[in-house]
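Scroll down for the structure; my scribbles are underneath it.
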Protein chains: 2
Amino acid sequence: MKIDNIDSYLREKDVKPSYQRTKIFQYILDNHNHPTVNQIYEALTDKIPTLSKTTVYNTLNLFIEKKLVEIITIEGNEARYDIYNPNDHAHFKCQLCKNLFDIHLDFSKMSLKELEDYKINEQHIHFIGICPECAKKQI
Amino acid sequence: MKIDNIDSYLREKDVKPSYQRTKIFQYILDNHNHPTVNQIYEALTDKIPTLSKTTVYNTLNLFIEKKLVEIITIEGNEARYDIYNPNDHAHFKCQLCKNLFDIHLDFSKMSLKELEDYKINEQHIHFIGICPECAKKQI
DNA sequence: ATCATTGCAAACACTTTGCATACGC
DNA sequence: GCGTATGCAAAGTGTTTGCAATGAT
């Protein structure tokens, strides 16, 4: 996604910019590694020493509500966040390096007969296993 | 899944049966609605008044470890449990009635080019939306 | 008698809420 | 100056841990 001016993008999406909001959005935009709340907080607390986790939570919830950001739930205990991406894609969580990768998938070829009568608002696909990097190291 | 004797099935899977373990396993077996820890606890506390949530958690974690049961994480705040089922299937969570449905899916037709080098140990697919029952009521 | 299971209470981790302070227009 | 955003502290929720009592063989 190409966003040249974060503040005007936020305004476009009906979010009033603030120093914290801009920095949090920028962090998620720059770090496509699907950070947790803690990672965002730890990374920004250097630049914004007064930052509180409450603000990170408040801001992320606002971003989710306004569809700027989406939450990725793979393990129940760690919520991860990413720029909202309505395109078909899946996630791959590596059991060794713990990284979360985006995988581009074509859902359209799945047989969905059984889902005919269901109204799908969201779809989430994720895989768990070993990523290519870690597989190499294991040999 | 057809299981005629729960205790011998548990033993087969290297789990020493106990009154609590048998009842918890039976509950998940009988209730294919993917119960939460609370639902299991509430349902069994009538029959086993001394039952504690700790035991439910301990038992479920043991079952997961021994691959008798699997955990389904859709929303981060509610872990749901189901009999372990290694076959391709997805879950559908209804936003209105909150029920969780099993959906039989054929993953094999998905284009997985990008995943060639990844070693997949688990795959999870879930949809969120409105189930047929609730869709009817909404009209 | 020994060893494993149970279950209470406390600890933990993650997230939300209440409210006073600070900030931006 | 007014309305909103921030951030501390406390509360809430779901889960795990420590440990004494209980139960099974």
Side-chain angles (χ1 to χ4, degrees), chain A residues 6-8 10-11 13-28 34-66 68-81 98 100, chain B residues 6-8 10-11 13-28 34-66 68-81 98 100:
Chain A
I6 289 176
D7 284 6
S8 46
L10 295 183
R11 261 186 279 266
K13 293 278 191 169
D14 195 27
V15 171
K16 206 178 285 181
S18 78
Y19 185 68
Q20 286 83 344
R21 287 174 179 177
T22 306
K23 289 292 184 196
I24 291 169
F25 190 74
Q26 181 145 53
Y27 182 82
I28 300 172
H34 312 84
T36 62
V37 169
N38 251 315
Q39 286 171 333
I40 299 169
Y41 174 75
E42 294 293 339
L44 295 181
T45 201
D46 288 341
K47 296 172 192 168
I48 320 170
T50 64
L51 185 68
S52 84
K53 258 185 205 174
T54 303
T55 301
V56 180
Y57 278 109
N58 287 342
T59 303
L60 289 170
N61 287 339
L62 177 68
F63 286 172
I64 288 166
E65 191 191 315
K66 302 293 187 183
L68 288 150
V69 155
E70 65 189 318
I71 190 165
I72 304 166
T73 300
I74 289 191
E75 265 110 357
N77 52 341
E78 62 166 31
R80 285 162 170 273
Y81 298 85
K98 312 294 184 197
L100 192 61
Chain B
I6 289 176
D7 284 6
S8 44
L10 296 183
R11 260 185 279 264
K13 294 278 190 169
D14 195 29
V15 170
K16 205 179 284 180
S18 77
Y19 185 67
Q20 286 84 342
R21 288 174 178 176
T22 306
K23 289 292 183 196
I24 291 170
F25 190 75
Q26 180 145 52
Y27 181 82
I28 300 172
H34 312 84
T36 63
V37 169
N38 250 313
Q39 286 172 333
I40 298 168
Y41 174 74
E42 293 294 339
L44 294 181
T45 201
D46 289 340
K47 293 172 195 167
I48 319 170
T50 65
L51 185 67
S52 84
K53 260 186 204 174
T54 304
T55 300
V56 180
Y57 278 109
N58 286 342
T59 303
L60 289 171
N61 287 339
L62 177 69
F63 285 172
I64 289 166
E65 191 191 314
K66 301 295 187 184
L68 286 150
V69 155
E70 65 189 319
I71 190 164
I72 304 166
T73 300
I74 289 191
E75 265 110 356
N77 54 341
E78 61 166 31
R80 286 164 169 272
Y81 298 85
K98 312 293 183 198
L100 191 60

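Order of the sequence lines fixes the chain letters, A, B, ..., with proteins taken first and strands second; residue numbering starts at 1 for each chain. As the structure is a computational prediction, the values presented were derived from the model and not from experiment.
- Atom P of nucleotide C/dT15 and atom CG of A/Asn77 are separated by 9 Å, given to the nearest angstrom.
- Picking from C/dT17, D/dA5, C/dT6 the nucleotide with the shortest atom distance to the side chain of A/Arg21 gives D/dA5.
- The shortest distance between the side-chain N/O atoms of B/Tyr57 and the OP1/OP2 oxygens of D/dT16 is not below 4.0 Å.
- Counting to the nearest Å, the C1' atom of D/dA24 and the CG atom of B/Leu10 are 16 Å from each other.
- Atoms CZ and CD1, from B/Phe63 and B/Ile71 in turn, are 14.0 Å apart once rounded to the nearest 0.5 Å.
- Of the inter-residue distances, the one linking B/Gln39 atom CD with B/Glu78 atom CD reads 8.0 Å to the nearest 0.5 angstrom.
- In this structure, the nucleotide among D/dA5, C/dG7, C/dT15 sitting nearest to the side chain of A/Lys16 is D/dA5.
- Comparing C/dT5, C/dG7, C/dC14 by their nearest atom to the side chain of A/Asn38 picks out C/dC14.
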(message) For a side chain to side chain contact (heavy atoms under 4.5 Å, CB included) check, start with the C-alpha distance between A/Ile40 and A/Leu60, then their side-chain angles and the critical distance, and finish with the verdict.
(response) CA-CA 10 Å; A/Ile40 299 169; A/Leu60 289 170; 4.1 Å; yes

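- Within the structure, a side-chain polar atom (N or O) of A/Thr55 is placed less than 4.0 Å from OP1 or OP2 of D/dG7.
- Nucleotide D/dG14 holds its P atom 12 Å from the CD atom of B/Glu75, rounded to whole Å.
- When the side-chain nitrogen and oxygen atoms of B/Asn61 are compared with OP1 and OP2 of D/dT16, one or more of them lie within a distance under 4.0 Å.
- Within the model, atoms NZ of B/Lys13 and CD of B/Glu65 stand 13.0 Å from one another, a figure rounded to the nearest 0.5 Å.
- Rounded to an integer number of Å, the gap from CD1 of B/Ile40 to C1' of D/dT15 is 14 Å.
- Set against D/dA5, D/dG7, C/dG7, the side chain of A/Gln20 has D/dG7 as its closest nucleotide.
- Among the protein residues, B/Ser18 comes within range of the sugar-phosphate backbone only, with heavy atoms under 4.0 Å from sugar or phosphate atoms but none that close to a base.
- Look at CG on B/Asp7: it is 14 Å from P on C/dT5, rounded to the nearest Å.
- Atom CG in B/Leu44 sits roughly 11 Å away from atom P in C/dG7 (whole-Å rounding).
- Counting to the nearest Å, the P atom of C/dC14 and the CZ atom of A/Arg80 are 12 Å from each other.
- Considering only side-chain atoms of A/Thr54, the nucleotide from D/dT15, C/dG7, D/dG7 that sits closest is D/dG7.
- One finds no side-chain N or O of B/Asn58 lying less than 4.0 angstrom from the OP1 or OP2 phosphate oxygen of C/dG7.
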(request) Could you give me the CA-CA distance, side-chain angles and deciding distance for B/Phe25 and B/Thr59, then say whether side chain to side chain contact (heavy atoms under 4.5 Å, CB included) is met? (result) CA-CA 9 Å; B/Phe25 190 75; B/Thr59 303; over 6 Å; no

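- As rounded to whole Å, 13 Å separates atom P of C/dA4 from atom NZ of B/Lys66.
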